[in-house]
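Quick notes on the structure that follows.
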Amino acid sequence: MCGRYTLSTPAPELADLFGADWDELDVPEPRFNVAPTDDVLVVRPRSGGRELTALRWGLIPGWAEARSGLPLMINARVETLEVKRAFRDLIPSGRCAIVADGFYEWR
């Protein structure tokens, strides 16, 4: 995953593209500078279909005792995804697709 990305496609178009239900109140506006800890659009499974919704970009592992004040994980290496404690239990049930239409890295 990159450090920043863009999402300029409106939510209704994305919902049609992915065949997903969505709630206008739960979807952030299109942006050209989506950053870690922002609310981001994702497509995830929901009761026999798909849902377009907003989730916070970053992971606090389920085993962390104190959730406040921890730095959020924003990247995972595919090579170690199945062995790292923070990610391995999410593979079977915690998947979603992060919606983006462009990305960039700072020089």
Side-chain angles (χ1 to χ4, degrees):
M1 184 80 188
C2 59
R4 301 285 172 114
Y5 69 91
T6 68
L7 180 58
S8 59
T9 307
E13 287 181 40
L14 293 169
D16 286 344
L17 179 67
F18 291 103
D21 297 326
W22 66 289
D23 181 354
E24 285 183 56
L25 301 176
D26 191 34
V27 174
E29 293 294 317
R31 293 167 289 171
F32 292 98
N33 187 11
V34 182
T37 73
D38 284 353
D39 285 345
V40 299
L41 277 181
V42 302
V43 177
R44 65 181 179 183
R46 185 186 81 176
S47 59
R50 294 184 183 136
E51 170 186 42
L52 180 69
T53 190
L55 297 176
R56 187 171 185 213
W57 180 2
L59 173 70
I60 298 174
W63 45 262
E65 291 180 20
R67 292 183 176 254
S68 63
L70 288 175
L72 298 174
M73 295 180 196
I74 62 165
N75 286 321
R77 291 182 177 268
V78 71
E79 299 88 10
T80 60
L81 194 61
E82 294 178 318
V83 295
K84 292 284 185 173
R85 186 175 172 203
F87 303 107
R88 71 176 173 231
D89 296 334
L90 296 175
I91 293 172
S93 63
R95 294 179 181 209
C96 66
I98 298 172
V99 184
D101 51 22
F103 68 92
Y104 56 96
E105 292 286 345
W106 297 107
R107 285 191 173 195

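Below, each value reflects all heavy atoms present in this structure, side chains not excepted, and no hydrogens, waters or symmetry copies. For reference, positions follow the sequence shown, starting with 1. Small disclaimer: the values here were computed from a predicted structure and weren't measured.
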The side-chain hydrogen bond (donor to acceptor under 3.5 Å, both in side chains) partners of Asp38 (sequence neighbours excluded) come to none
Residues at least two apart in sequence or cross-chain that pass side-chain hydrogen bond (donor to acceptor under 3.5 Å, both in side chains) with Arg88, listed by chain then number, are none
Sequence neighbours excluded, the answer for side chain to side chain contact (heavy atoms under 4.5 Å, CB included) partners of Thr80 is Arg77, Val83, Lys84
TODO: Check whether any side-chain heavy atom of Arg31 lies under 4.5 Å from a side-chain heavy atom of Leu7, and answer yes or no.
DONE: no
Check your understanding: Can you tell if the side chain of Pro10 reaches within under 4.5 Å of the side chain of Glu29, non-hydrogen atoms only?
Key -> no
Non-hydrogen atoms of [X] and [Y] that approach each other most closely:
X	Y	value
Leu52	Ala20	N-CB, 3.8 Å
Thr53	Arg44	CG2-NE, 3.6 Å
Pro36	Arg4	CD-NE, 4.1 Å
Ala54	Asp39	CB-CB, 4.3 Å
Gly102	Tyr5	O-CB, 3.1 Å
Phe32	Thr6	O-CG2, 3.3 Å

Using the rule that Ile, Leu, Val, Met, Phe, Trp and Tyr join whenever any side-chain heavy atoms are under 4.5 Å apart, tell me whether Ile98 and Trp57 fall into a single cluster.
yes
*asked:* Quick check on Arg50: does its CZ atom have over 12 non-hydrogen neighbours (other residues, nucleotides or ligands) under 6.0 Å away?
replied: no
Checking Val34, Leu55, Val27 against Leu41 for side chain to side chain contact (heavy atoms under 4.5 Å, CB included), the one that qualifies is Val27
The residue among Val99, Val43, Asp101 that forms side chain to side chain contact (heavy atoms under 4.5 Å, CB included) with Leu14 is Val99
The reported gap from CG in Asn33 to OH in Tyr104 (rounded to nearest 0.5 angstrom) is 3.5 Å
CZ (Arg46) and SG (Cys96) are apart, to the nearest 0.5 Å, by 15.0 Å
